[in-house]
A.B. asks: 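Could you have a look at this structure, given as structure tokens, before my questions?
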Amino acid sequence: MLQGILYETIAVDAAGATIRLLPESPVYKGHFPGYPITPGVCLVEIALELMGNVQLVGAKNIKFTSPIIPAEGMELRFNLGGEGSERTVEILSGETLCAKMSLTVA
């Protein structure tokens, strides 16, 4: 679980959630020293955590369109869509689309 280590949840609503990254997280010490970037695998894990009690079965399409470089107080919006086992995720920093995912969960 990355909540409390990499991010904290700011708000949750029917369409998704807003989180705040924790730039002092140990994750950033190794990815990459001096130029921290939020790892894609961590963004997938955050999305799964925000969806609730689900497990990743597959990823049909994951596109990262903008690097997520943690800054003090940086907030990300996770728009969660889909139903059943087929889910979609859009990650935004302000108005900037940072990633889109099509995930299969169980």
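For reference, positions follow the sequence shown, starting with 1. Note that the coordinates shown come from a computational prediction; the quantities given were computed from them, not determined experimentally.
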A.B. asks: Measuring from Thr88:OG1 to Leu103:CG, what's the distance to the nearest 0.5 Å?
C.D. replies: 8.5 Å
A.B. asks: If you take all heavy atoms of Pro23 and Leu21, which pair is closest and at what distance?
C.D. replies: CD-O, 3.2 Å
A.B. asks: Could you walk me through whether Glu45 and Leu6 pass side chain to side chain contact (heavy atoms under 4.5 Å, CB included), step by step?
C.D. replies: CA-CA 11 Å; Glu45 177 61 26; Leu6 183 62; over 6 Å; no
A.B. asks: Starting at NZ of Lys63, measure out to NZ of Lys100 and round the result to the nearest 0.5 Å.
C.D. replies: 7.5 Å
A.B. asks: Okay, side chain of Gln3, backbone of Glu49: is any donor-acceptor separation there less than 3.5 Å?
C.D. replies: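 No, the answer is negative, given that no donor and acceptor are paired below the 3.5 Å cut-off.
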A.B. asks: Under the 3.5 angstrom rule, does the side chain of Thr65 hit a backbone N or O of Leu97 as a donor-acceptor pair?
C.D. replies: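 Between the backbone of Leu97 and the side chain of Thr65 there is a qualifying donor-acceptor contact (under 3.5 Å).
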A.B. asks: Please give me the minimum heavy-atom distance between Leu22 and Tyr28, naming the atom from each residue.
C.D. replies: O-CE1, 3.6 Å
A.B. asks: So if you build clusters from Ile, Leu, Val, Met, Phe, Trp, Tyr with side-chain heavy-atom gaps below 4.5 Å, do Ile69 and Phe32 land together?
C.D. replies: yes
A.B. asks: Got a sec: does the CD of Glu72 have more than 12 other heavy atoms crowding it under 6.0 Å?
C.D. replies: no
A.B. asks: CG/Leu43 to CD1/Ile62 distance, rounded to the nearest 0.5 angstrom?
C.D. replies: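 Taking CG in Leu43 and CD1 in Ile62, the distance rounds to 9.5 Å.
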A.B. asks: First locate atom CE of Met101, then atom CG of Leu56, and finally report the distance between them rounded to the nearest 0.5 Å.
C.D. replies: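 Going from the CE atom of Met101 to the CG atom of Leu56 covers 10.0 Å.
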A.B. asks: What heavy-atom pair brings Arg77 and Gly16 nearest, and what distance separates the two atoms?
C.D. replies: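 Minimum heavy-atom contact is NH2-N, 3.4 Å.
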A.B. asks: Can you list the residues that meet the side-chain hydrogen bond (donor to acceptor under 3.5 Å, both in side chains) rule with Asn53, with sequence neighbours excluded?
C.D. replies: none
A.B. asks: So Ile68 and Ser93, do their side chains get closer than 4.5 Å, heavy atoms only?
C.D. replies: no
A.B. asks: Can you give me the closest heavy-atom contact between Ala47 and Phe78, atom names plus distance?
C.D. replies: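 So the two residues come closest at N-CE2, 3.9 Å.
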A.B. asks: Could you tell me which non-hydrogen atom of Arg87 sits nearest to which non-hydrogen atom of Val105, and how far apart they are?
C.D. replies: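 Closest heavy-atom pair between Arg87 and Val105: CG-CG2, 3.8 Å.
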A.B. asks: Is the backbone N or O of Ala106 less than 3.5 Å from a side-chain atom of Ser85, with the two atoms forming a donor-acceptor pair by type?
C.D. replies: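 Between the backbone of Ala106 and the side chain of Ser85 there is no qualifying donor-acceptor contact (under 3.5 Å).
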A.B. asks: Hey, quick one: are Phe64 and Leu50 part of the same hydrophobic cluster, counting side-chain heavy atoms closer than 4.5 Å, chains of contacts allowed?
C.D. replies: yes
A.B. asks: Measure the shortest side-chain to side-chain distance between Leu76 and Ile46 over non-hydrogen atoms and say whether it is less than 4.5 angstrom.
C.D. replies: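 The answer is no; the side chains never approach within 4.5 Å.
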A.B. asks: Please name the pair of heavy atoms, one in Ile19 and one in Ile10, separated by the smallest distance, quoted to 0.1 Å.
C.D. replies: C-CG1, 3.9 Å
